Amino acid sequence: MSRYITVKENRDFARAYRRGKSCVSPVLVTYALPAKGMPTRYGITTGKKVGNAVRRSRARRVIRASYFQLFDQVKPGFILIFVARGKTPYVKSQAVCRAMRQHLTTLGVISSP
């Protein structure tokens, strides 16, 4: 079994949008919803405003790579949704990782360094 579990159901995305806490930056939007007794799951959303299919795929790859870098620091028991913004496919992956670290720290998903 993979240690990275994805969110696939629309109801899980909708519940995270409705009940979860969020952080916003020009590069990324992060939603976090506590899910006690479950492993941490993540989902990535890219809308058409991000660009064509190539740009949306790059945005997803960069967000996924950033999450994999921070995964060992993430506490169990959360549903995390990452939403790509218009700038996401144009910035370096370090900028996305920095924004993600700041968001997850603010939301209490990882402890501050």
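A quick note: this is a predicted structure, and the numbers were derived from the prediction, not measured.
With a 4.5 Å cut-off on side-chain heavy atoms, Phe82 and Leu28 count as touching. Looking only at side-chain heavy atoms (C-beta outward), Val29 and Cys23 stay at 4.5 Å or farther from each other. Between Val50 and Pro89, the closest side-chain pair of non-hydrogen atoms falls below 4.5 Å. When side chains are defined from C-beta on, Val74 counts as touching Leu80, because their heavy atoms get closer than 4.5 Å. Tyr31 places none of its side-chain heavy atoms less than 4.5 Å from the side chain of Lys21. In this structure, Leu70 and Leu104 have side chains that are in contact, with non-hydrogen atoms separated by less than 4.5 Å. Looking at Arg60 and Thr45, their side chains never come closer than 4.5 Å, going by heavy atoms from C-beta outward.
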Which is it for Asp72 and Arg3 under the side chain to side chain contact (heavy atoms under 4.5 Å, CB included) test, yes or no, and what are the steps along the way?
CA-CA 10 Å; Asp72 292 332; Arg3 49 188 236 166; 3.1 Å; yes
Ring pair (Phe, Tyr, Trp, His ring centres under 6.0 Å), that's the test. Do Tyr4 and Tyr42 meet it? Break it down for me.
CA-CA 8 Å; Tyr4 308 113; Tyr42 80 100; 7.1 Å; no
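Counted within 6.0 Å of CZ on Arg11, heavy atoms from surrounding residues, nucleotides or ligands total 12 or fewer; the atom is thus considered open.
In this structure, His103 NE2 and Ser66 OG are separated by 11.5 Å, a value rounded to the nearest 0.5 Å. Atom CD1 of Ile79 and atom CZ of Arg41 lie 4.0 Å apart (nearest 0.5 Å). With values rounded to the nearest 0.5 angstrom, Thr46 atom OG1 is found 6.0 Å from Arg56 atom CZ. For the atom pair Arg98 CZ and Ser93 OG, the distance stands at 10.0 Å (nearest 0.5 Å). The distance from atom OG1 of Thr105 to atom CD of Gln73, rounded to the nearest 0.5 Å, is 8.0 Å.
Linking ILVMFWY side-chain heavy atoms closer than 4.5 Å, directly or via other members, places Val24 and Val27 in two distinct hydrophobic clusters. The hydrophobic cluster containing Tyr67 also contains Val62, counting ILVMFWY residues as joined when their side-chain heavy atoms lie under 4.5 angstrom apart, directly or transitively. Leu107 and Phe71 end up in the same hydrophobic cluster when Ile, Leu, Val, Met, Phe, Trp and Tyr side chains are linked at under 4.5 Å.
Considering all non-hydrogen atoms of both residues, Pro39 and Ile5 come closest at CG-CD1, 3.6 Å. Shortest non-hydrogen contact noted between Ala32 and Phe78 is CB-CD2, 4.5 Å.
A distance-only check finds no donor-acceptor pair linking the side chain of Thr88 to the backbone of Ala59 [under 3.5 Å].
Side-chain contact check for Arg101 and Gln69: no donor-acceptor pair (N or O, by modelled atom type) lies under 3.5 Å. Counted by atom type alone, Tyr90 and Arg58 present zero donor-acceptor pairs between their side chains at under 3.5 Å.
Residues forming a salt bridge (charged side-chain N to carboxylate O under 4.0 Å, His left out) with Arg15 (at least two apart in sequence, or on another chain): Asp12.
Each of Thr6, Ile63, Val83, Ile81 was scored for a side chain to side chain contact (heavy atoms under 4.5 Å, CB included) with Ile44, with one residue passing: Ile63.
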